[in-house]
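Throughout, protein chains are lettered first and strands after them, A, B, ... in sequence-line order, and every chain is numbered starting at 1.
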Amino acid sequence: QSAKVTDATVAFLMPDQSSTRYEEHDYPGFEAEMKKLCAGCKVIYQNANGDASRQQQQFNSAISQGAKAIVLDPVDSTAAASLVKMAQSQGVKVIAYDRPIPSAAADYYVSFNNEEIGKMIAKSLVDHLKEKNVQAGDGGLLEINGSPTDAAAGLIKKGIHAGLAEGGYPILAEFDTPEWAPPKAQQWASGQITRFGKKIIGVVAANDGTGGAAVAAFKAAGIDPVPPVTGNDATIAGLQLIIAGDQYNTISKPSEIVAAAAANVAIQLLSGETPKADTTLFDTPTQLFTPALVTAENLKAEIIDKTVNGKPIQTPEQLCTDRYAEGCKKLGIGS
Amino acid sequence: MTSDVKQTATLLDRGDVRVSHDAGIGATIRSSIDKVRSGDLGSLPVVVGLVIIWTVFGTLNPTFLSSNNLANLLFDASTVGVISLGIVCVLMVGEIDLSVGSISGFASAMVGMLWVNQGWPVAVAIIAAVLVGGLIGSLYALLFNRLGMPSFVSTLAGLLAVLGMQLYLLGATGSINLPYGSSLVNFGQLLVIPRPLAYLCALLPGVVMLISGYRAAQRRRQANLSSRSIGALVVRVAAITILLEFVVFYLNQDRGIPWMFALFVALAIVMNYALTRTQWGRSMAAVGGNREAARRAGINVRLIYTSAFVLCAMFAALGGVLAAARLASASQQAGTGDVNLNAIAAAVIGGTSLFGGRGSAYSALLGIIVIQSIASGLTMLDLSSALRYMITGAVLAIAVIVDSLARRSRVSHGRA
Amino acid sequence: MTSDVKQTATLLDRGDVRVSHDAGIGATIRSSIDKVRSGDLGSLPVVVGLVIIWTVFGTLNPTFLSSNNLANLLFDASTVGVISLGIVCVLMVGEIDLSVGSISGFASAMVGMLWVNQGWPVAVAIIAAVLVGGLIGSLYALLFNRLGMPSFVSTLAGLLAVLGMQLYLLGATGSINLPYGSSLVNFGQLLVIPRPLAYLCALLPGVVMLISGYRAAQRRRQANLSSRSIGALVVRVAAITILLEFVVFYLNQDRGIPWMFALFVALAIVMNYALTRTQWGRSMAAVGGNREAARRAGINVRLIYTSAFVLCAMFAALGGVLAAARLASASQQAGTGDVNLNAIAAAVIGGTSLFGGRGSAYSALLGIIVIQSIASGLTMLDLSSALRYMITGAVLAIAVIVDSLARRSRVSHGRA
Amino acid sequence: MKGSRQMTDASNQAAPAGEVVLSLKGISKHFGAVSALTDIDLDVHAGEVVALVGDNGAGKSTLVKILAGVHQPSSGEITFGGSKVTLADPSAALSLGIATVFQDLALCENLDVVANIFLGRELSPLKLDETAMEVRAWTLLNELSARIPSVRIPIASLSGGQRQTVAIARSLLLEPKLILLDEPTAALGVAQTAEVLNLIERVRDRGLGVVMISHNMEDVRAVADRIVVLRLGRNNGVFYPDASNQELVTAITGASENAVSRRAGRRQAQQDMRQEGQI
Amino acid sequence: MKGSRQMTDASNQAAPAGEVVLSLKGISKHFGAVSALTDIDLDVHAGEVVALVGDNGAGKSTLVKILAGVHQPSSGEITFGGSKVTLADPSAALSLGIATVFQDLALCENLDVVANIFLGRELSPLKLDETAMEVRAWTLLNELSARIPSVRIPIASLSGGQRQTVAIARSLLLEPKLILLDEPTAALGVAQTAEVLNLIERVRDRGLGVVMISHNMEDVRAVADRIVVLRLGRNNGVFYPDASNQELVTAITGASENAVSRRAGRRQAQQDMRQEGQI
Ligand SMILES: Nc1ncnc2c1ncn2[C@@H]1O[C@H](COP(=O)(O)OP(=O)(O)OP(=O)(O)O)[C@@H](O)[C@H]1O
Ligand SMILES: Nc1ncnc2c1ncn2[C@@H]1O[C@H](COP(=O)(O)OP(=O)(O)OP(=O)(O)O)[C@@H](O)[C@H]1O
Ligand SMILES: [Mg+2]
Ligand SMILES: [Mg+2]
């Protein structure tokens with residue numbers, strides 16, 4: 001690490017607000033790692049709030065501010081090609097983060113694989129149903145996808161379809177939730193509950209917000225117990241629902257790990273080194289991390305006991321507030 | 001010869017020979033038909049639009065008309081409906097509030113924060129959220145009254161700033177779950193009016209109409225004014241009562257009528273009373289119709305604007321709390337998306353003018369039911385997002401075309 | 001004694017003794033100061049707001065004022081700015097178009113589809129997209145003119161339906177990348193005016209002003225009307241030319257002035273001419289100010305509304321094409337988000353009234369620069385989203401407060 | 001009974017000079033339950049000033065609006081220049097040569113005086129000739145003795161009379177065949193009123209038909225060739241300028257015992273008493 | 001020169017009866033570059049009708065609006081009921097007891113007649129007493145001989161005169177100390193005008209101060225105790241009802257050679273000629 005840069009500007013551009021992870025996990029993780037690797041470096045953080053044009057603005061602005069490497073989680077994977085080209089024409093390194101940029105080769109790609117995530121939650125649900133001996137003829141699944149205008153949601157959706165295809169359970173209905181808005185998901189789910197009633201044997205929801213909305217719809221319809229509902233992102237709210245037994249699974253992707261990797265790659269690229277890659281995706285050297293599927297069984301292990309940067313992913317205090325204390329106890333969390 | 005005015009009628013308001021009048025049940029029906037012909041229908045056209053929507057969706061998927069689904073519809077309509085009531089207030093005075101969505105989201109975040117995370121009693125948390133909403137409204141009023149800042153701009157700025165505050169509140173934790181089984185969540189998801197009580201409530205409007213109608217007729221007769229025939233009144237009351245009792249009966253087949261919807265209707269009734277039967281409501285209409293004339297009549301115009309902005313923001317906050325109760329969660333997405341547009345559109349579809357001076361609290365009720373019916377009807381059909389958007393747009397247009405046609409006919413009959 | 005009118009002045013328009021006039025350079029300056037005092041400032045307050053914003057952001061991060069960043073700002077401002085030009089048209093006649101975002105997105109999808117996927121020539125694809133935009137606008141006009149459907153509702157329905165069409169077009173493929181190196185993408189991302197040409201262009205406004213001002217003054221003098229002093233004209237022309245040349249000089253330090261921005265400015269100038277110096281523009285203002293009076297003056301009111309809606313939709317479509325060029329991609333979320341609000345807000349911030357009859361094409365130019373400056377300035381600061389929203393809201397409010405204060409003063413000086 | 005009396009009045013008057021410009025037969029107009037006009041007949045000849053008088057709400061303005069194409073009649077027919085016409089909208093009436101000054105003026109408050117005068121008839125539509133328009137505006141306004149500080153201020157800041165002058169100036173721009181003036185002098189000062197009356201006479205002498213509405217019997221008698229009375233939306237007789245005030249007021253109010261006569265009587269009595277007291 | 005002549009006119013008149021209700025000293029009002037009023041002085045006594053006359057744009061309405069609290073004067077002071085007051089807004093003027101009928105009426109077109117009459121002064125604010133208000137509205141309107149088809153239709157569908165009657169009825173609701181009437185009879189029919197003039201006299205006899213603006217010299221002379229002339233925003237003399245028309249018109253237009261006199265002269269000449277011809 002001798003020839004390493006000591007002062008450079010690196011930008012960290014995140015796509016949206018549909019979950020808090022970017023500000024709670026990704027950015028802090030990235031920043032911490034940067035501090036470690038290059039104390040004199042400056043980090044620019046921006047979030048595009050789901051708007052590709054705004055992301056372009058932020059990208060340009062980062063270059064104006066002298067950023068030499070940009071970690072980009074694209075709002076629109078396809079459209080981001082233009083950003084990559086623009087950066088490379090000015091000698092700026094681009095590290096694709098979280099979502100790939102298929103039509104232009106970035107300098108590097110680090111990610112939890114969104115398509116894989118979709119596949120994991122779907123498959124886990126299918127396995128769970130099989131385990132409980134639910135027959136394909138007993139009913140079918142609801143599928144709640146993310147925003148129809150969000151490219152990442154499209155990837156997850158693809159994964160879910162792949163995951164479900166193996167299970168053999170029919171999809172009763174599916175829905176692209178505008179803007180990932182939970183109330184919309186709830187309204188749709190309520191309608192399906194009226195339509196299909198007991199025929200719903202499970203719900204694949206693409207994130208914890210829409211999953212929680214599906215749970216709320218079942219509760220509101222007076223259906224108890226709630227059929228298994230998936231989630232994604234391991235938000236506190238989602239984990240609490242798992243603790244309470246209302247939600248079946250979620251995906252924990254301790255983003256700090258990927259963020260740290262991105263920081264490492266950035267420094268290496270800036271120092272003129274070639275970071276080593278596990279594989280190549282879309283002509284881009286790639287490092288993929290496997291996210292952890294969280295259910296009630298492994299929640300303690302994956303969330304409380306696993307540490308990132310020396311801290312647990314979530315502390316029992318955060319999760320086990322009064323109403324969830326009992327559930328926590330059952331899972332052996334806390335005390 | 002001056003007496004030719006008096007000859008035809010001795011009533012104070014029947015002095016003009018150019019006006020044709022009618023009395024008695026038969027004549028009332030006749031004049032109703034006339035009214036329909038000339039397009040003077042109030043909210044009937046929107047109701048017709050609604051019936052068309054219901055018929056079509058009901059045919060495509062009969063579950064749509066199941067009382068269970070209608071109960072869902074009523075739950076969902078209540079949250080944005082309450083927000084829309086506030087929008088009616090600002091539209092009445094010819095202003096707008098683009099930030100109701102953000103305010104509702106912020107209020108839900110506040111309740112989640114104060115109640116769940118800080119352990120405040122739920123009622124106190126709700127009151128605090130609604131009061132903070134009112135505070136935001138009074139800020140808009142201040143900017144409007146003191147600096148003359150157009151409400152479009154100030155509330156657009158508010159939209160962003162309040163959304164920022166919502167994200168800030170939820171920043172550390174993300175969404176906050178409201179506990180299942182708590183009274184607030186039960187209210188938002190489960191509680192319905194006990195069946196006998198519901199039947200009783202459905203009698204109320206008729207009884208009130210009958211008594212007040214009878215009293216008014218009596219007073220008017222005493223004052224030497226024309227009055228509606230009692231027969232026609234009874235017919236109308238009977239019709240309304242039968243309709244309401246049928247609705248209650250139908251909904252009681254399954255879950256029943258949500259308390260949350262009852263709250264919404266009660267608020268709409270109160271607002272309707274306030275807007276039509278109090279000095280404040282009269283002043284609102286006057287300020288919306290001709291601000292300068294209202295000022296010259298000695299109305300405290302600034303106070304009226306302030307009341308409109310504050311009420312709107314408070315309704316928005318309350319709507320946000322109800323939405324959180326319905327979802328059992330205070331989420332970061334709450335209040336974003338099309339909450340603003342839906343709340344405004346509901347009021348406009350129901351017949352409230354965007355340019356002030358014309359509107360009614362019931363327009364929020366009707367409008368939001370139209371919007372929610374479209375949304376709910378589409379959930380019953382398996383459509384791609386693209387189709388769903390296109391159809392929502394088309395159905396929305398159709399629902400309003402009926403009203404527009406009726407209004408045109410009204411204009412050509414000189415009743416605009 | 002009737003001649004006391006003629007005594008003081010022989011000019012046709014200087015007959016009234018109650019009006020104070022001034023002539024010559026000194027007096028012009030004096031009267032300008034008077035105007036500033038009484039708040040009759042046109043767009044000066046917004047410019048002041050802008051200067052404040054620039055100073056603050058420039059202090060916080062000097063990169064903001066770098067000519068490279070300003071070039072970016074101009075690129076970004078052009079896309080929504082063009083849409084905002086259309087919004088000015090509909091606002092002029094007192095209507096609104098909520099679907100400009102969707103139309104722009106749809107147009108970009110069409111260009112992507114036709115040009116990239118179907119292989120049409122790029123110009124034909126663009127023309128097709130703009131024409132389809134115009135078609136959508138004429139549909140709104142039809143609904144408005146024939147059915148009297150409020151534009152708020154019809155364009156809200158359009159927002160959804162057109163978004164559906166956009167998703168439908170892109171449904172099979174997702175986003176479509178526009179090829180790098182193609183003229184359209186270069187236009188949207190790279191092409192700048194050659195430096196000498198830019199300097200030359202910056203001279204143009206001054207020259208035109210000088211010639212037309214001189215001619216007008218001459219004609220007015222011949223017609224026995226008061227005319228502005230030539231001295232004052234020269235001073236003004238000199239000031240403007242120096243300012244423009246400086247701007248060009250500063251921007252030429254780095255990349256230069258984008259052709260796309262030049263296109264936007266050219267469109268704004270054309271629209272300004274059309275709105276202020278043609279019969280059509282006069283009719284637009286008349287219809288927006290008093291529709292019935294315009295009708296009675298024999299203006300074809302329906303045609304005017306149609307032209308407004310169609311122009312607005314066509315500008316929206318063109319804006320969408322530019323946005324696609326800028327992004328080098330036709331994406332599914334193009335035109336969603338805050339494009340609508342930004343386009344409308346730009347016009348309103350620039351001083352176009354939401355209630356019709358008052359507005360100017362330059363308001364779109366000024367307003368969008370304010371909005372983009374805020375956005376661009378904030379990208380220079382590392383802020384959490386929550387803070388970013390709050391600050392955007394606050395800065396927006398501040399930018400407009402200056403204008404509101406000026407307008408208030410104008411009212412109290414009887415110039416509203 | 002009423003009609004016959006006036007017929008005899010009419011018979012000893014010379015028939016109006018020119019040919020019939022405008023002829024209404026059985027015009028009715030209903031606004032919902034209100035019948036504003038019932039079976040109105042009216043002829044206007046070239047070179048004739050017809051005064052339309054009547055009580056408030058008698059339907060005068062409604063009639064003018066029908067002729068101007070603003071309202072459509074519920075029934076009845078309109079003949080203009082010899083052929084049956086339908087006036088579907090104001091531009092139809094304008095293009096036939098019917099110029100109107102409306103009671104509610106119908107000006108655009110946001111536009112300046114010049115723009116209002118030339119609205120819909122701007123000089124050189126693609127490159128407005130502001131100088132020529134301004135000159136013409138001043139000429140017209142000065143003809144009407146208007147006291148307008150500037151023609152470049154919005155109508156909103158003009159006084160009532162100034163606005164009315166602008167509206168009248170508007171109607172002079174065209175070369176119409178028929179001019180409809182709905183209470184053109186209501187807000188005008190004495191000098192401006194005199195100019196407008198002069199103007200009406202000049203216009204008549206040029207062979208145009210003029211319909212004037214006014215509540216001022218003196219003005220009416222000063223310029224009218226024929227006085228048509230409306231009452232409660234119906235024709236209530238035709239008079240000639242030599243009819244007495246008493247006659248006209250009786251036809252307008254529908255009673256010889258009316259507020260005007262009562263007031264006149266009372267004032268007479270007061271004056272008598274005062275004089276007695278003084279003596 | 002003008003002033004002195006009128007002073008002598010004034011001296012042989014009895015001083016007005018009651019004490020001074022309203023007194024203006026040096027009131028000026030500028031709208032941007034336009035000076036609408038310059039140094040206006042005016043006194044109004046209880047039980048006195050002061051007529052304010054002047055050419056179009058003379059500043060009459062501006063003065064009334066200042067008294068009604070609509071505009072703020074640029075300089076000058078207002079004394080009402082003996083004490084100096086500032087009329088910051090219309091409600092201040094209303095609560096002092098100044099009722100105003102504005103030239104532009106200031107009615108809410110979207111509200112019905114009853115609502116407009118009672119605007120800001122509704123009976124039982126928390127449960128509007130519609131019946132009582134409707135009865136009172138009819139009473140007021142009948143007093144003014146209004147011909148309004150229904151008091152439950154929006155103002156937008158009333159005729160010009162009907163609207164003006166509504167505006168006048170509004171001002172009668174209060175128990176004011178001073179009534180300002182800005183061209184109250186401009187749009188009224190003959191009967192309604194007579195009623196309004198009666199009303200003004202009744203009001204005066206009850207000891208109220210009345211300021212009336214009118215362009216109709218006959219009406220002015222019929223009810224006014226004193227006639228104040230404004231010209232181009234300045235005081236231009238005080239007259240008494242026995243002043244001749246000629247005198248008044250000269251003061252108003254600022255020239256004895258004016259449109260009115262010219263017209264009168266021309267008509268006289270025409271008549272002479274016609275008579276000659278007939279003979
Ligand atoms: N748009 C309308 N809707 C309903 N009623 C109307 C409308 N326009 C006019 N009326 C009614 O028609 C009648 C005649 O009105 P109009 O304006 O023609 O009277 P007018 O003779 O001009 O009276 P004025 O002397 O007061 O101007 C009135 O009673 C009025 O209420
Ligand atoms: N808000 C305003 N802004 C600018 N100028 C104004 C404004 N109001 C009035 N004026 C000007 O002040 C002058 C006096 O107007 P005012 O309305 O007082 O006249 P008036 O005596 O009532 O005339 P009229 O007899 O026509 O009603 C006019 O020249 C007018 O243009
Ligand atoms: Mg009339
Ligand atoms: Mg006036």
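Taking every heavy atom of both residues into account, E:Q103 and D:A187 meet most closely at NE2-CB, 4.3 Å. Considering every non-hydrogen atom in both E:E195 and D:A259, the closest pair reads OE2-CB, 3.4 Å. When every heavy atom of E:A194 is checked against every heavy atom of D:R263, the shortest pair comes out as O-CD, 3.6 Å.
Of the two parts of D:I252, only the side chain, counted from C-beta on, holds a non-hydrogen atom closer than 4.5 Å to a non-hydrogen atom of chain E. In this structure, chain E has no heavy atom under 4.5 Å from any part of D:A264. Only the side chain of D:V34 comes within contact range of chain E, with at least one heavy atom under 4.5 Å from a heavy atom of that chain. Looking at D:Q164, neither its backbone nor its side chain comes within 4.5 Å of chain E, counting heavy atoms on both sides.
In this structure, the separation between CG on E:D55 and OG on D:S145 is 8.0 Å, given to the nearest 0.5 Å. To the nearest 0.5 Å, atom CG of residue D:N198 and atom CZ of residue E:R266 are 4.0 Å apart. A distance of 7.5 Å separates CG of E:N216 from CD of D:E218, quoted to the nearest 0.5 Å. Atom CZ in E:R267 sits 8.0 Å away from atom CG in D:L197 (nearest 0.5 Å). In this structure, CG in E:L232 is found 5.0 Å from CZ in D:R147, a value given to the nearest 0.5 Å.
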| When you look at D:H215 and E:T193, which way does the side-chain contact (heavy atoms from CB on, under 4.5 Å) test go after all the steps? | CA-CA 9 Å; D:H215 290 297; E:T193 303; 5.9 Å; no

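With hydrogens and angles disregarded, no donor-acceptor distance shorter than 3.5 Å links the side chain of E:N56 to the backbone of D:Q162.
Heavy-atom pairs under 4.5 Å with chain E were tallied for D:G160, D:A36, D:A222, D:A58; the largest tally goes to D:A222. Taking chain D as the reference chain and counting heavy-atom pairs below 4.5 Å, the highest number among E:G54, E:S150, E:A186, E:S61 is found for E:A186. Among D:L248, D:N258, D:L188, D:V190, the residue with the largest count of heavy-atom pairs under 4.5 Å with chain E is D:L188.
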